[in-house]
Asks: 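Take a look at this one; I'll ask things after.
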Amino acid sequence: MSNVLPGNVRQIGYVVTDLDHAISGWLQMGVGPWFVIRDLAQRVTYRGVACEVRLSLALSNSGELQIELIQQLDDTPSIFTEFIAATGGGFHQLAHWAADFDAAMANLAEAGWPQVWSGGEADGVRFAYFEPPAGAAIVEIMELTEASSGMAGYVRQAAAGWDGSDPVRELGS
């Protein structure tokens, strides 16, 4: 069977209950700087139902691998509240970045992977979460656009030359 996923794992994601505490732990392991977006309203589809959630996110890199921390700020039913209820939080997803998002979606639909979360159409970078047969709770496919590629490169470059200063960098939401 051929791989239905577009390329290598580019990001690992953790769902956390306290973003600042999680960042602090990663900083103690030498991972940084962290780029933080707080109180982001995100319109998505969760298990076939449209909803809106409020999230805070943080991104950093360790080498080529991007790390994402996600804290949901409200109690709207979501892929994140579902995971927190089941596990208390932690490692949640493996993400692949797709230059041809539509082809990636078709491959995963053909493979029969359940799509449980999707959005980004209004923001210009589409994403979808799938329940895989093994390896992680979720596999994310994110559309690789000029904007998403630029942000990934910016975070990776900052981490590569990071001297420990300015460990948390707030971005506007």
Side-chain angles (χ1 to χ4, degrees), residues 6 9-27 31-62 65-99 101 104-105 115-131 136-159 162 166-173:
V9 172
R10 301 298 303 270
Q11 179 194 77
I12 56 174
Y14 292 83
V15 175
V16 301
T17 57
D18 183 331
L19 187 68
D20 294 309
H21 179 74
I23 290 170
S24 177
W26 282 94
L27 288 169
V31 176
W34 287 90
F35 294 87
V36 179
I37 302 171
R38 296 189 190 272
D39 203 19
L40 173 68
Q42 192 175 67
R43 289 183 297 276
V44 295
T45 301
Y46 168 56
R47 299 196 181 276
V49 177
C51 66
E52 183 172 302
V53 297
R54 285 182 33 251
L55 306 171
S56 288
L57 308 170
L59 298 170
S60 188
N61 265 62
S62 179
L65 186 64
Q66 187 177 85
I67 301 155
E68 179 180 36
L69 306 175
I70 305 163
Q71 179 185 359
Q72 185 169 328
L73 304 173
D74 61 20
D75 60 359
T76 302
S78 74
I79 201 70
F80 307 120
T81 58
E82 179 182 291
F83 184 74
I84 291 287
T87 67
F91 170 66
H92 183 249
Q93 72 216 34
L94 298 172
H96 297 258
W97 300 344
F101 186 79
M105 295 301 95
Q115 183 176 321
V116 295
W117 186 258
S118 63
E121 292 82 6
D123 302 316
V125 178
R126 297 177 292 173
F127 58 87
Y129 286 20
F130 294 85
E131 291 178 326
I138 296 294
V139 168
E140 176 185 5
I141 307 299
M142 185 182 77
E143 184 175 26
L144 193 57
T145 65
E146 188 175 321
S148 62
S149 179
M151 182 62 177
Y154 180 73
V155 172
R156 184 175 52 253
Q157 183 178 6
W162 187 50
D166 196 14
V168 179
R169 302 169 188 189
E170 302 284 337
L171 302 175
S173 58

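These numbers come from the heavy atoms of this one structure, side chains and all, not from hydrogens, waters or symmetry mates. None of the values given here were measured: they were computed from a predicted structure.
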Asks: For Ile23, run the side chain to side chain contact (heavy atoms under 4.5 Å, CB included) check against Val16, Val31, Leu69 and tell me which one passes.
Replies: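 That would be Leu69; it is the only one of Val16, Val31, Leu69 passing the side chain to side chain contact (heavy atoms under 4.5 Å, CB included) with Ile23.
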Asks: Residues two or more places apart in sequence or in another chain: which of them pass ring pair (Phe, Tyr, Trp, His ring centres under 6.0 Å) with Phe130?
Replies: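 Ring pair (Phe, Tyr, Trp, His ring centres under 6.0 Å) list for Phe130, sorted by chain: empty.
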Asks: Would you indicate whether Glu52, at its atom CD, is surrounded by more than 12 heavy atoms from other residues, nucleotides or ligands within a distance under 6.0 Å?
Replies: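 Yes, enclosed.
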Asks: With the side chain counted from C-beta on, respond yes when His92 and Tyr129 share a heavy-atom pair under 4.5 Å apart, and no when they do not.
Replies: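 Counting from C-beta outward, His92 and Tyr129 do come under 4.5 Å.
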Asks: State which residues pass salt bridge (charged side-chain N to carboxylate O under 4.0 Å, His left out) with Glu143; sequence neighbours excluded, sorted by chain then number.
Replies: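 Only Arg126 meet the salt bridge (charged side-chain N to carboxylate O under 4.0 Å, His left out) criterion with Glu143.
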Asks: Which atom pair, heavy atoms only, marks the closest approach of Trp162 to Gly32?
Replies: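 Result for this residue pair: CE3-O, 3.2 Å.
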Asks: Compare every heavy atom of Leu19 with every heavy atom of Ser56, then report the nearest pair and how far apart it is.
Replies: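 Here Ser56 and Leu19 meet closest at CB-CD2, 3.7 Å.
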Asks: Is any side-chain heavy atom of Ile138 less than 4.5 Å from a side-chain heavy atom of Val116?
Replies: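 The answer is yes, as the side chains (C-beta and beyond) meet within the 4.5 Å cut-off.
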Asks: Does a side-chain heavy-atom distance below 4.5 Å link Val139 with His96?
Replies: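 In contact.
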Asks: More than 12 heavy atoms of other residues, nucleotides or ligands under 6.0 Å from OH of Tyr154: is that the case?
Replies: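 No, the 6.0 Å shell around OH holds no more than 12 heavy atoms from other groups.
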Asks: Could I get the full list of salt bridge (charged side-chain N to carboxylate O under 4.0 Å, His left out) partners for Glu131, not counting sequence neighbours?
Replies: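 If we apply the salt bridge (charged side-chain N to carboxylate O under 4.0 Å, His left out) test to Glu131, skipping adjacent residues, the hits are Arg47.
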Asks: If you take all heavy atoms of Gln72 and Val53, which pair is closest and at what distance?
Replies: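 Residues Gln72 and Val53, closest heavy atoms: NE2-CG1, 3.8 Å.
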Asks: Taking only residues at least two apart or on different chains, which pairs with a member in residues 13-22 satisfy side-chain hydrogen bond (donor to acceptor under 3.5 Å, both in side chains)?
Replies: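 Of all non-adjacent pairs touching residues 13-22, those that pass side-chain hydrogen bond (donor to acceptor under 3.5 Å, both in side chains) are Asp20-Arg38.
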Asks: For Glu68 and Leu57: C-alpha separation, side-chain torsions, deciding distance, then whether side chain to side chain contact (heavy atoms under 4.5 Å, CB included) applies.
Replies: CA-CA 7 Å; Glu68 179 180 36; Leu57 308 170; 3.9 Å; yes
Asks: Apply side-chain contact (heavy atoms from CB on, under 4.5 Å) to Ser148 and list each qualifying residue two or more places apart in sequence or on a separate chain.
Replies: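 Ser148 satisfies side-chain contact (heavy atoms from CB on, under 4.5 Å) with Val125, Met142, Leu144, Thr145 once adjacent residues are dropped.
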Asks: Under a 4.5 Å cut-off applied to non-hydrogen side-chain atoms, are Glu140 and Gln11 in contact?
Replies: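 Answer yes - side chains close enough.
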Asks: Under the side chain to side chain contact (heavy atoms under 4.5 Å, CB included) rule, what do Leu59 and Gln66 come out as? Steps first, then yes or no, please.
Replies: CA-CA 7 Å; Leu59 298 170; Gln66 187 177 85; 3.6 Å; yes
Asks: Could you go through the side chain to side chain contact (heavy atoms under 4.5 Å, CB included) check for Gln93 and Ile12 one step at a time?
Replies: CA-CA 6 Å; Gln93 72 216 34; Ile12 56 174; over 6 Å; no
Asks: For Ile79 and Val44: C-alpha separation, side-chain torsions, deciding distance, then whether side chain to side chain contact (heavy atoms under 4.5 Å, CB included) applies.
Replies: CA-CA 10 Å; Ile79 201 70; Val44 295; over 6 Å; no
Asks: Roughly how far, to the nearest 0.5 Å, is the OG atom of Ser60 from the CH2 atom of Trp26?
Replies: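 Reported value, rounded in 0.5 Å steps: 9.0 Å.
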Asks: Please tell me if the side chains of Phe80 and Ile70 come closer than 4.5 Å, counting only heavy atoms from C-beta onward.
Replies: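 The answer is yes; the side chains approach within 4.5 Å.
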Asks: Not counting sequence neighbours, which residues clear ring pair (Phe, Tyr, Trp, His ring centres under 6.0 Å) with Phe101? List them please.
Replies: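 For Phe101, no residue satisfies ring pair (Phe, Tyr, Trp, His ring centres under 6.0 Å) once neighbours in sequence are set aside.
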Asks: Please round to the nearest 0.5 Å and tell me the distance separating atom CG of Leu171 and atom CH2 of Trp34.
Replies: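 Here the interatomic distance stands at 13.0 Å.
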Asks: State, to 0.1 Å, how close Asp74 and Arg54 come at their nearest heavy-atom pair, and which atoms those are.
Replies: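 Reported closest heavy-atom pair: OD2-N, 3.1 Å.
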Asks: Can you tell me how far the CE atom of Met105 sits from the OG atom of Ser118, to the nearest 0.5 Å?
Replies: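 One finds 9.0 Å between CE of Met105 and OG of Ser118.
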Asks: State, yes or no, whether a side-chain contact exists between Phe83 and Ser78 at a heavy-atom distance under 4.5 Å.
Replies: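 When only atoms from C-beta onward are counted, Ser78 and Phe83 do not touch, as no gap falls below 4.5 Å.
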Asks: Hey, are the side chains of Pro6 and Ile141 touching, using non-hydrogen atoms and a 4.5 Å cut-off?
Replies: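 A side-chain contact under 4.5 Å exists here.
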Asks: Is the shortest side-chain heavy-atom distance between Pro33 and Asp166 below 4.5 Å?
Replies: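 Sidechains of Asp166 and Pro33: no contact.
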